[in-house]
Amino acid sequence: MTEAELMECGEKERQRFEAQPLRIGCCMSSGCLSNGSAAVLEALRASALGSDVFPVGCMGPCSRGPLVWVRRGSEIRTYQQLRPELAARAVEGAIDPRHVVSPDDPFFSRQLRIVTSHCGVINPERLEDAVAGGAYRALAQVLREWEPARVCEELTRSGLRGRGGAGYPTGVKWNLVRKASGGQKFVIANGDEGDPGAYMDRAVMESDPHRVLEGMAIAGYAVGANHGFIYVRGEYPTAVHRLDMAVKQATRRGILGKSVLGTKFEFHVEVRIGAGAFVCGEETALIASIEGGRGMPRPRPPYPADVGLFGKPTLINNVETLAAVAPICERGADWFASIGTPTSKGTKVFALSGAVVNTGLIEVPMGTTLREIVFDIGGGIPGGKRLKAVQTGGPSGGCIPEQFLDTPVDYESLTRLGSIMGSGGMIVMDETSSMVDVARFFMEFCRDESCGKCVPCRVGTVQMHRLLDKIMAEQATLEDLALLEDLCDVVRHTSLCGLGQSAPNPVLSTLRYFRHEYEARIQNRRRLTSTRRPLELVSVNGSVAAPAKGGSI
Amino acid sequence: MSVRTFTLNDQLITAAAGQSILAAAREHGIAIPTLCELEGLSTVGACRLCLVEVAGSQRLLPACTTEVQEGMTVVSESPRLKHYRQTILELFLAERNHVCAVCVSNNHCELQNRAVEQGVTHVRFDYLMPTLPVDMSHDRFGVDHNRCILCTRCVRVCDEVEGAHTWDIMGRGFQARVITDMAEPWGDSTSCTSCGKCVQVCPTGALFDKRATAGGMVKQPSFVKVLQHARARKESQ
Ligand SMILES: Cc1cc2nc3c(=O)[nH]c(=O)nc-3n(C[C@H](O)[C@H](O)[C@H](O)COP(=O)(O)O)c2cc1C
Ligand code: FES
């Protein structure tokens, strides 16, 4: 397929859409699928025979699924919590207002969708649908007009930074790989996404797989790679299936393969499935896993840009990073750089969860405040409770307390507060959460996900978890707390890879803002074990403590 | 051979291109503590004892895997590094069962030696002491997982020098364990050549000769270096 044929394909498809009086998209992404959207799709098909009823990807407010949109002429209505028996009514438009999503619902109106612009709009299983929406236009334009160096330059100018956690400038990384010597190079899309509660990359891969492929192909052209791998965790069968389909479709039509869009550029893509270890998201472990070895990290340097997959220079980027590439190439670096803050450009996708009314997937400009995210988009805290903290960055991140809610979300601000941007998990916690418990939860996760190669992480996480357990059980002393803090410092500075280096972060950040919660539990032990005080007077978390608790000390 | 010059603990030192900080330091008689590294085997940077401070790098870097760069400034002894090394050794000692008095390697144990050298006088952490099996199914050798520190020297020597790849690692995190073949008893292994290299390179009493009694296991890990040198010479002839 050449560029002209690509344009023609898109045009034809758009005309087909226009000719349809009724088009219905039903979310078939993991969130809605688990709410039973497959049956809803069947019911919609039965109720709207002869019309275009098709699966779409994630629309965002996953807690309100199954979600469906119905387009009649130019009018679009979106329905929530649609059960199969309501399908016929939704098609007719005569349905209880409870199920109708208001067009100016702040959940949608406060967002800016760039990476997810096609998510929930197009049918992710049809190449033509994606092309009608503009897929591969940026690739065609890049191949026609830009030298590889120019692509890297544009990416650098756009200010795009890695969305996988560390925030490394993408254009700079591309340039490093481009300049690396050696004939064979590789591009890897990191879709391992192991952070608990995070599913941004899953949504993009499930809802708009061609966007990821396009980003990879542009990357391949820019760095001089002719082969790419997408590494997806095994827990994402829908994403794997859709990516597989997308690769096959694009290869069959000549958008990928020996001659990309009829040019001399060659680019093949393979999907690789991980076995769900968190550490396999770390780039050197991921590379080992693709090579067929145990997914274990190795010391860097050398960085993958020099010595990567099969020893060759390799570009590795997060899925969301790559999904931002096509819009940047198409609309220009300046446009992208005009969104966000001075150091953090563009938008960021977050998976909003926890104690908030609207949980789901959102995309907002960098620099949006936490307050806007939690209260405007998220709809606030349910049950009239008070917000206590927002956790960002998952097991590598930290908790930001309520007094910093007006902080703009960008890489530097979050780091300054002792947390990190991370990959985009955002957990809202209300006044009932115990921060020691939060720290313990993430430490347990790191302990179980440690690969076991280096000692500080392998044993340090076990010991830190035990100390946190002891504090939770009100059996710890101030010496234990000091030991915990010392261990945090050692593990952070001596671990081999990012997993261990960042494992203490949840403890350090909760200690920074909620030290009193740790100390209160230590105080309680003192009171419990002091024989001079009557035990029944001691209150633990508002309830009267059983004298047996911690009694033997 | 091109030469690199760098500063180590205020001393100007030359190294061959591609040489690690550790190897260059050794050549000049400067000791950096190690456990997982063994001359003649590949390096993995796992024990973290050899971490050094490198000017311009925010992170500490393992001397065993970091190549010398022209003009770099390295510090291998500082109060901070000492504290980290001691804590790492404490974590090792608390991980499994390292009661020295009854160990075959007592007085000949690299873990014990490092702990003494670094001045580890007590362990601040709970001893985890999981109950792990002891495999005595092999004719001549035994493996006591309670003594293993997962340095992977046995895995590397078996793969890189003997070419058998009998040993590997199973499980992750603190559940990780060295295994023979597909986690079968060592005595049933069809790939093991019974060469005993793994026993000789093991830094603790995890791998031992079945005839050894407490304190009786004296190992010769330096054979690997000699063997690799001899092989390299033969190849170049
Ligand atoms: C323990 C650990 C887990 C990681 N998991 C992921 C992941 O799931 N997805 C991801 O894109 N990056 C992950 N990373 C970061 C990658 O190592 C790498 O920095 C990233 O893929 C680079 O892409 P970017 O520059 O586009 O962010 C992880 C890092 C560590 C240390
Ligand atoms: S000797 Fe360098 S990390 Fe073990």
Enquirer: Side chain from CB out, backbone as N, CA, C, O: work out which of these in B:Ile149 comes under 4.5 Å of a heavy atom of chain A, or both, or neither.
Expert: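 Just its backbone gets close to chain A.
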Enquirer: To the nearest 0.5 Å, tell me how far A:Leu467 CG sits from B:Phe125 CZ.
Expert: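 Spacing of CG (A:Leu467) from CZ (B:Phe125) equals 7.5 Å.
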Enquirer: Where on A:Leu496 is there a heavy atom nearer than 4.5 Å to chain B: the side chain, the backbone, both, or neither?
Expert: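 It is both, since atoms from each part get that close.
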Enquirer: Working to the nearest 0.5 angstrom, can you tell me the gap between B:Thr152 OG1 and A:Met296 CE?
Expert: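 Result: 8.0 Å between the selected atoms.
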Enquirer: With the side chain counted from C-beta on, respond yes when B:Leu91 and A:Leu487 share a heavy-atom pair under 4.5 Å apart, and no when they do not.
Expert: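 Yes; the side chains approach each other to less than 4.5 Å.
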Enquirer: Can you tell me how far the CE atom of B:Met170 sits from the CZ atom of A:Arg294, to the nearest 0.5 Å?
Expert: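 Those atoms lie 9.5 Å apart.
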Enquirer: Just so I understand: if I count every heavy-atom pair under 4.5 Å between each of A:Cys457, A:Pro301, A:Pro456 and chain B, which residue has the most?
Expert: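 Of the candidates given, the most pairs with chain B belong to A:Pro456.
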Enquirer: Among A:Gln501, A:Glu449, A:Arg298, which residue forms the greatest number of heavy-atom pairs with chain B at distances under 4.5 Å?
Expert: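 Of the candidates given, the most pairs with chain B belong to A:Glu449.
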Enquirer: Is there a side-chain contact between A:Asp448 and B:Gln175, using heavy atoms and a 4.5 Å cut-off?
Expert: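 Side chain of A:Asp448 against side chain of B:Gln175, heavy atoms only: no contact under 4.5 Å found.
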Enquirer: Need one label for A:Asp486: side chain, backbone, both or neither, based on atoms under 4.5 Å from any heavy atom in chain B.
Expert: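 For A:Asp486, side-chain heavy atoms alone lie under 4.5 Å from chain B.
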Enquirer: Which one, B:Gly171, B:Pro62, B:Ala94, B:Cys36, leads in non-hydrogen pairs under 4.5 Å with chain A?
Expert: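 Highest number of pairs under 4.5 Å: B:Gly171.
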Enquirer: For atom NZ of B:Lys82, decide whether the heavy atoms of other residues, nucleotides or ligands shown that lie under 6.0 angstrom number more than 12.
Expert: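 More than 12 within 6.0 Å, yes.
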Enquirer: With a 4.5 angstrom heavy-atom cut-off, could you sort out which part of B:Arg124 is near chain A: side chain, backbone, both or neither?
Expert: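 Looking at B:Arg124, backbone and side chain both touch chain A.
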Enquirer: Please give me the minimum heavy-atom distance between A:Pro299 and B:Gly45, naming the atom from each residue.
Expert: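 Looking at all heavy atoms of both residues, the shortest contact is CG-CA, 4.2 Å.
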Enquirer: Restricting to non-hydrogen atoms, name the atom on B:Arg48 and the atom on A:Ser495 that form the minimum distance, rounded to 0.1 Å.
Expert: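 What the structure gives for the nearest pair is NH2-O, 3.2 Å.
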Enquirer: Do B:Leu128 and A:Gln463 come close enough that some side-chain heavy atom pair is under 4.5 Å?
Expert: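 Result yes, sub-4.5 Å side-chain heavy-atom pair found.
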Enquirer: Determine the option with the most heavy-atom pairs under 4.5 angstrom with chain A, choosing from B:Leu61, B:Thr66, B:Thr43, B:Leu150.
Expert: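 Ranked by heavy-atom pairs under 4.5 Å with chain A, first place is B:Leu150.
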Enquirer: Using a cut-off of under 4.5 Å on heavy-atom pairs, state which of A:Cys454, A:Gly460, A:Pro302, A:Cys446 scores highest against chain B.
Expert: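 Among A:Cys454, A:Gly460, A:Pro302, A:Cys446, the one with the most close pairs to chain B is A:Cys454.
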Enquirer: Run the side-chain contact (heavy atoms from CB on, under 4.5 Å) check on B:His83 and A:Val490 step by step: do they pass?
Expert: CA-CA 9 Å; B:His83 175 65; A:Val490 175; 4.2 Å; yes
Enquirer: Heavy-atom distances under 4.5 Å only: say whether A:Thr461 touches chain B with side chain, backbone, both or neither.
Expert: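 Neither the backbone nor the side chain of A:Thr461 comes within 4.5 Å of chain B.
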Enquirer: Between A:Glu479, A:Arg492, A:Lys453, which has the largest tally of heavy atom pairs under 4.5 Å with chain B?
Expert: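 Between A:Glu479, A:Arg492, A:Lys453, the count favours A:Lys453.
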Enquirer: Among B:Asp126, B:Val44, B:Asp168, single out the residue with the greatest number of heavy-atom pairs under 4.5 Å to chain A.
Expert: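 Going by pairs under 4.5 Å, I would pick B:Asp126.
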Enquirer: Can you tell me which portion of A:Val462 sits under 4.5 Å from chain B's heavy atoms? Options are side chain, backbone, both or neither.
Expert: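 For A:Val462, the side chain is the part near chain B, not the backbone.
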Enquirer: Heavy atoms only, distances under 4.5 angstrom: which of B:Ala176, B:Cys47, B:Gly173, B:Ser57 has the most pairs with chain A? Name it, please.
Expert: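 The residue among B:Ala176, B:Cys47, B:Gly173, B:Ser57 with the greatest pair count is B:Gly173.
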Enquirer: Side chains of B:Arg172 and A:Arg458, heavy atoms from C-beta outward: is any pair under 4.5 Å?
Expert: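 They are not in contact (no side-chain heavy atoms under 4.5 Å apart), so the answer is no.
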